[in-house]
Amino acid sequence: MNDRLRPPCAPLLLACLITALAPAHDAAAQTYDLVLRGGRVMDPESGLDGIRDVGIRDGRIAAIIEGPLLGREVVDVSGLVVAPGFIDLHAHGQDAFSADLQARDGVTTALELEGGSFPVADWYGERSDGWRINFGATVSHGAIRRAVFGDDREGSVYAVATPEQVRRMQELVSRGLAEGAIGIGFGIQYVPGASREEIFRLFQTAGQWGVTSFVHVRYAGVLEPESSISAIQEMIADAAGANTSVHIVHIGSSGLKQVPVLLDMIDAAQAAGLDVTTEVYPYTAASTAIQSAIFDPGWRERLAGDYGDIEWVATGERLDSASFSRRRAEGGPIIAHIIPEDAVAYAVGHPGVMIASDGVPFVDGRAHPRGAGTFARVLGRYVREQGALGLMDALRKMTLMPAERLQDAVPEMRRKGRVAVGADADLTVFDPERVIDRATFAAPAQGSDGIPHVLVAGSFVVRDGEIVEQARPGRPVRRRPIS
Ligand SMILES: [Zn+2]
């Protein structure tokens, strides 16, 4: 508070004291829609870590006091942590099956920011009849590139765009942003034809709109000049040159063993005043499509990996030279066991790195387990079992930091990622002694354990560990469309 606005308390001590106490008395006298009683409330923004009652009314948090609060419904959550609902900035699984696994992992907002959507209005429209958890998307550079190249599928991946084609991409990106997209999503490594100029021009468009670019960077690997270092340098240079912000996705799979130096570079860029952020998923394996440009010839040298590191998702088999060629011609999802464990642990423990899943859609119940277990895995394995980071620090990486990443472009995000009066009642209630992921590479479609309750806008979507089938409180996270 500004000193000039501070009420003159000294001469009116009693009156001020009464005013200060009044909200708590008022709160205790009211009846809330729902009260979560006696939980350990943890809020990374204020630092609150104490036993409180949380009163919820009209989908928002209306009171947080030492209790007791009155509610039409009161749920005893003693012994459990009451945290802001987890915000996943990187969720490709934008389907009902994935949403249920995300909810059971404590996620209340799952956003498709790397891959993005196009046309944007259609994407939001498809989910407008009710969704389990909050949803939202960027406008997709990849989809726009395909639209501009039309029937030339090969060109949409490998061809360098003409200046006119880049201008057309800028127009289509602007259309998507006008329809409410919450940023621009890029998978540069998937479209090797996208020149540095094309990316820079689109970053300028992001700068004009005041939105963030969410980017899978150009290279992953140690071979210069096509290294992870060079890819991160492109992002930092473009953010500076276009006066815009960038969020670098999955630093683990894009950085591999170079993660520590990449995080040094990102820290230094932030210290210099640039708005550059990043995230990680807590697994030592990546996942993508085998037919993608990432596996063009030379991939074993670039990624420092081999055929046997590649798992064919449909069967779980590891590949060799012959089966790799066969599967690549066929096309389909793979899991690549190529990320060093110490790189993952370093990024998970680094205070500047957010947690995001990069979860991909399940096909016949199979996919990388990160779409089901990312958040519980960080809390169970990295916080409780390994002590790699503190509980509040972990919560900050999955709640407040992603909300802050988005809130300049989407002001409603100021009401998420916090347990605070006035915030949306998106809450995750978990047992810090029991929370753990159950999804494995062999059996990935398994909900996490130790997360009994998850609420979106004050409604239970998970209750006593089970999905509440009829609950559809999810809302769009979207910039205000411009008509
Ligand atoms: Zn990616």
Side-chain angles (χ1 to χ4, degrees), residues 88-94 98 102 110-118 136-146 156-157 182-194 199 202 212-221 226-228 230-232 234-235 238 246-256 258-259 262 266 276-296 299 302-303 305 309-311 313 331-339 343-344 347-348 353-362 367-371 374 402 405:
D88 188 352
L89 295 182
H90 194 157
H92 300 297
Q94 294 287 331
S98 293
Q102 291 156 0
L111 305 171
E112 165 56 286
L113 302 186
E114 177 207 45
S117 65
F118 191 77
T138 52
V139 56
S140 168
H141 167 248
I144 280 174
R145 206 169 199 276
R146 283 192 293 280
S156 75
V157 174
I182 52 185
I184 310 177
F186 292 88
I188 305 176
Q189 197 178 10
Y190 292 102
V191 284
I199 300 303
L202 290 163
T212 300
S213 295
F214 295 82
V215 186
H216 176 137
V217 298
R218 188 176 294 280
Y219 308 122
E226 300 187 350
S227 70
S228 300
S230 139
I232 300 300
E234 179 187 10
M235 292 295 100
D238 282 358
V246 62
H247 180 79
I248 295 160
V249 302
H250 51 50
I251 195 71
S253 59
S254 285
L256 304 172
Q258 290 178 323
V259 161
L262 303 180
I266 292 169
V276 181
T277 55
T278 190
E279 60 172 53
V280 69
Y281 55 77
Y283 295 86
T284 54
S287 183
T288 192
I290 196 170
Q291 68 272 27
S292 73
I294 290 174
F295 290 107
D296 283 353
W299 68 269
R302 289 194 300 275
L303 301 178
D309 297 326
I310 309 299
E311 175 181 341
V313 166
I334 57 89
I335 290 167
H337 296 266
I338 56 169
I339 311 172
V344 175
V348 169
V353 180
M354 301 175 211
I355 303 300
S357 74
D358 193 13
V360 290
F362 289 79
H368 192 300
R370 66 197 183 196
T374 284
R405 171 68 286 171

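None of the values given here were measured: they were computed from a predicted structure. We count ligands from 1, going down the list as the structure has it; atoms in each ligand are counted the same way. Residue numbers count from 1 along this sequence.
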Carboxylate-amine/guanidinium contact E234 R218, below 4.0 Å: yes

Between CD on residue E114 and OG1 on residue T138, distance to nearest 0.5 Å: 9.0 Å

Working for side-chain contact (heavy atoms from CB on, under 4.5 Å), residues H368 and Y283: CA-CA 9 Å; H368 192 300; Y283 295 86; 3.6 Å; yes

Under 2.8 Å from the Zn ion (ligand 1) - protein N/O/S, by chain and number: E114 OE2, H216 ND1, H250 NE2

Steps toward side-chain contact (heavy atoms from CB on, under 4.5 Å) verdict (V157, Y190): CA-CA 7 Å; V157 174; Y190 292 102; over 6 Å; no

Atom pair CD1 (I339) and OG (S253), whose distance is rounded to the nearest 0.5 Å: 5.0 Å

Donor-acceptor contact below 3.5 Å, side chain S292 vs main chain A289: yes

